[in-house]
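Computed from heavy atoms alone, side chains included, the values below leave out hydrogens, waters and symmetry copies.
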Amino acid sequence: MAVTHKFDSSGGLRHALHPAEPPHPGQVRETLCGETINLGKPTAIDWLSPTCDTCWLTATATRDRLHPPRGDSR
């Protein structure tokens, strides 16, 4: 699954990254929505920012494809 990470010019959104390597401030990475971004160092408050809709949908679809839901276990 992709990692969601804040970057420096996001306009208040978090974006998801391919999990090829851990994110580090100063890196230039491509997001799941196709943007190329410069990563910044997230603060505790940054994690409360909304996630880009396209990144969220792509990340959850990837998760579900790799780890299909098992159904209701109750």
Side-chain angles (χ1 to χ4, degrees):
M1 177 142 67
V3 183
T4 308
H5 200 273
K6 179 80 171 181
F7 70 101
D8 59 0
S9 62
S10 67
L13 293 178
R14 296 181 302 153
H15 285 269
L17 306 171
H18 296 280
E21 62 180 289
H24 298 286
Q27 286 181 324
V28 176
R29 300 277 295 272
E30 185 174 337
T31 65
L32 296 183
C33 68
E35 289 191 38
T36 300
I37 60 171
N38 293 312
L39 299 181
K41 183 176 181 181
T43 66
I45 299 298
D46 289 334
W47 294 109
L48 301 175
S49 298
T51 300
C52 163
D53 287 337
T54 302
C55 284
W56 178 258
L57 292 172
T58 303
T60 56
T62 300
R63 176 202 62 204
D64 293 346
R65 188 182 78 247
L66 296 174
H67 306 285
R70 294 184 185 185
D72 195 343
S73 61
R74 290 189 263 173

Could you walk me through whether H18 and L32 pass the side chain to side chain contact (heavy atoms under 4.5 Å, CB included) check? CA-CA 7 Å; H18 296 280; L32 296 183; 3.2 Å; yes

Ignoring hydrogens and angles, tell me if any N or O in the side chain of R29 forms a donor-acceptor pair with the backbone of H24 under 3.5 Å. no

Residues that E30 engages under side-chain hydrogen bond (donor to acceptor under 3.5 Å, both in side chains), provided they are two or more places apart: none

Drop me the distance from R14's CZ to S49's OG, to the nearest 0.5 angstrom. 7.0 Å

Residue of the set D53, T60, T58, T54 for which side-chain contact (heavy atoms from CB on, under 4.5 Å) holds with W56: T60

Shortest non-hydrogen separation from P23 to L17 and the atoms involved: CB-CD1, 3.8 Å

Compare every heavy atom of C33 with every heavy atom of C55, then report the nearest pair and how far apart it is. SG-N, 3.6 Å

